[in-house]
2 protein chains.
Amino acid sequence: MNDIKQFLRSNALRPTKQRIVIAGYLFDGIDKHVTAESLSTELAKRKHIISLATIYNTLHDFYENGLLKKLTLSADRVYFDTNTDHHHHFYSEKEQFLIDINKNIKVNGLPKTPKNKKINKIEVIVHLD
Amino acid sequence: MNDIKQFLRSNALRPTKQRIVIAGYLFDGIDKHVTAESLSTELAKRKHIISLATIYNTLHDFYENGLLKKLTLSADRVYFDTNTDHHHHFYSEKEQFLIDINKNIKVNGLPKTPKNKKINKIEVIVHLD
DNA sequence: TCAACACTTTAGAATCATTCTAAACTGATA
DNA sequence: TATCAGTTTAGAATGATTCTAAAGTGTTGA
Ligand SMILES: [Mn+2]
Ligand SMILES: [Mn+2]
Ligand SMILES: [Zn+2]
Ligand SMILES: [Zn+2]
C-alpha cells in the first residue's frame with residue numbers, strides 16, 4: 001500500500017485512491033492482460049467502483065510512463081499488458097485467449113529493412129484455434 | 001472486365017456494377033492493403049462513387065470467400081490485404097506504412113503450444129519507426 | 001423475352017469502444 | 001490549513017463499423 005504510493009510517486013503519478021486500487025491490482029506480481037472493460041469488471045468484483053473514464057485515463061497514464069504495454073490484436077478492443085519486457089504471445093481470437101511467450105524467439109530470414117527506416121521491434125503472434 | 005465477371009461468378013458472387021469496379025481495382029495484379037476508407041477514396045478518384053456500406057459489404061464478401069486477408073495492426077481501422085498467401089509485414093504505425101514480406105521467415109525457439117490448442121498461423125510484424 | 005424473386009445497394013440510424021468536456025474534487029505544498 | 005495544479009467523473013461527442021429496411025438489379029425458368 002505504501003509501496004504502491006511510492007511506486008506511483010516514483011513515476012510522477014499522484015497516488016490517488018483510484019490509481020492505488022488499479023495499480024494494486026495490476027502490479028500484484030502476476031502478469032496480466034486487461035482491457036478497460038475487463039479491468040472495470042475485475043475491480044467491481046472487488047467492490048471498487050471506478051468510472052470508466054478514470055480507468056481509461058489511468059491505463060493511458062501508466063502506458064505513457066512505461067508501466068504497461070499496449071497490444072493491438074483485435075480491431076475492437078485494446079489490451080494492456082503488465083509484462084513490459086519484450087516478449088511475444090499466443091493468441092486465440094475466438095476464445096479471447098492470451099498467453100505470454102517469454103522464451104527467446106529468433107526470427108530468421110527477414111529481408112532488408114526498407115530505406116531510411118529503422119526496426120523498432122519485432123512482434124510474433126502465434127494464432128491459436 | 002469479362003474476366004472479372006467470371007472471377008466473381010466463380011466465387012459465387014453476383015457480378016454487380018459495384019463489385020466489378022471494386023474487384024477491378026483490388027485485383028489488378030498489384031498487391032494492395034486497403035481500408036474501407038482508403039478504398040472509397042481511391043475509387044472516388046477514379047470517378048466511381050460507391051456507398052461506404054457497399055464497400056464494407058464487398059470487402060467482407062471478398063474476405064469470406066478467401067479473396068482477401070484481414071489485418072489488425074491498429075485499433076482504429078481494419079486493413080484488407082489482396083495478398084492471400086501466407087506472409088508477414090513491415091509496419092509503421094506513425095506513417096501508416098505497410099509492406100509485404102514475402103520471403104520465407106523462420107521463427108525459432110517457440111515454447112510448446114498450450115494444451116488442446118493448435119497453431120493456426122504465426123504472424124510476424126516488424127514495427128518500423 | 002420477361003416475370004418473379006433472391007440477392008444487392010444504399011441512406012441513414014444504431015452500436016460501441018474510446019475520447020472529450022467541463023465541473024466538482026483532492027493530493028501536495030508552504 | 002489555504003491554495004492550486006492535478007484528478008475524477010458524468011455525460012456528450014467521436015468515428016469506425018454494422019444494421020435496417022426500402023428501392024434496385026442480376027438470374028433464371030417458362
Ligand atoms: Mn468498434
Ligand atoms: Mn474507434
Ligand atoms: Zn504479454
Ligand atoms: Zn500484405
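Convention: sequence-line order gives letters A, B, ...; per-chain numbering from 1. FYI, side chains are in, hydrogens and waters are out, and symmetry mates aren't considered; it's all heavy atoms of this structure. Just so it is clear, the structure is predicted and the values come from calculations on it, not from any experiment.
- For D:dG26, one of the phosphate oxygens OP1 or OP2 lies less than 4.0 angstrom from a side-chain nitrogen or oxygen of B:Lys17.
- Of the possible donor and acceptor atoms, one in the side chain of B:His86 sits under 3.5 Å from a partner among the backbone N and O of B:Ile122.
- Residues that satisfy the side chain to side chain contact (heavy atoms under 4.5 Å, CB included) test with A:Val78, not counting sequence neighbours, are A:Lys70, A:Phe80, B:Ala75.
- By the side chain to side chain contact (heavy atoms under 4.5 Å, CB included) test, B:Lys117 is found to be paired with A:Glu95, A:Phe97, A:Leu128, B:Thr113, B:Pro114, residues two or more places apart in sequence or in another chain being considered.
- Regarding B:Ile55, its CD1 atom lies at a distance of 12 Å from the C1' atom of C:dT9, rounded to whole Å.
- When distances are taken from the side chain of A:Thr54 to each of C:dT9, D:dT9, D:dT17, the shortest belongs to D:dT9.
- At a non-hydrogen distance threshold of 4.0 Å, A:Tyr56, A:His60 from residues 56-66 of chain A come into contact with DNA chain C.
- In this structure, A:Asn102 and A:His87 approach most closely via the heavy-atom pair OD1-CB, 3.7 Å.
- Within residues 4-16 of chain A, the residues approaching DNA chain D are A:Arg14, A:Thr16, by heavy-atom distance under 4.0 Å.
- Distance, B:His48 NE2 to C:dT9 P: 14 Å, rounded to whole Å.
- Counting only residues at least two apart or in different chains, ring-ring contact (aromatic ring centres under 6.0 Å, His included) contacts with residues 5-25 of chain B comprise B:Phe7-B:Phe27.
- One interatomic measurement links the two molecules: CD1 of A:Ile20 to P of D:dG6, which rounds to 18 Å at whole-angstrom precision.
- Between B:Ile50 atom CD1 and C:dT10 atom C1' the separation is 12 Å, expressed in whole Å.
- Partners of B:Asp81 according to the salt bridge (Lys or Arg N to Asp or Glu O under 4.0 Å) rule, which considers only residues two or more places apart in sequence or in another chain, do not exist here.
- Mapped onto DNA chain C by nearest heavy atom, B:Leu52 and B:Arg19 fall at different nucleotides, with B:Arg19 at the one closer to the 5' end.
- A straight line from CD1 of B:Ile49 to C1' of C:dT9 spans 15 Å, rounded to a whole angstrom.
- Here C:dT15 presents its C1' atom at 14 Å from CD of A:Glu37, a figure rounded to the nearest Å.
- Put simply, B:Gln18 has a side-chain N or O that comes within less than 4.0 Å of OP1 or OP2 on C:dT10.
- Atom pair A:Asp76:CG and D:dT18:C1' shows a separation of 12 Å (rounding to whole Å applied).
- Tracing side-chain contacts under 4.5 Å through hydrophobic residues (I, L, V, M, F, W, Y), one reaches B:Leu8 starting from B:Leu68; they form part of the same cluster.
- The side-chain heavy atoms of B:Gln96 and B:Tyr79, taken from C-beta on, include a pair separated by under 4.5 Å.
- For the pair B:His60 (side chain) and B:Thr58 (backbone), a donor-acceptor distance under 3.5 Å is absent.
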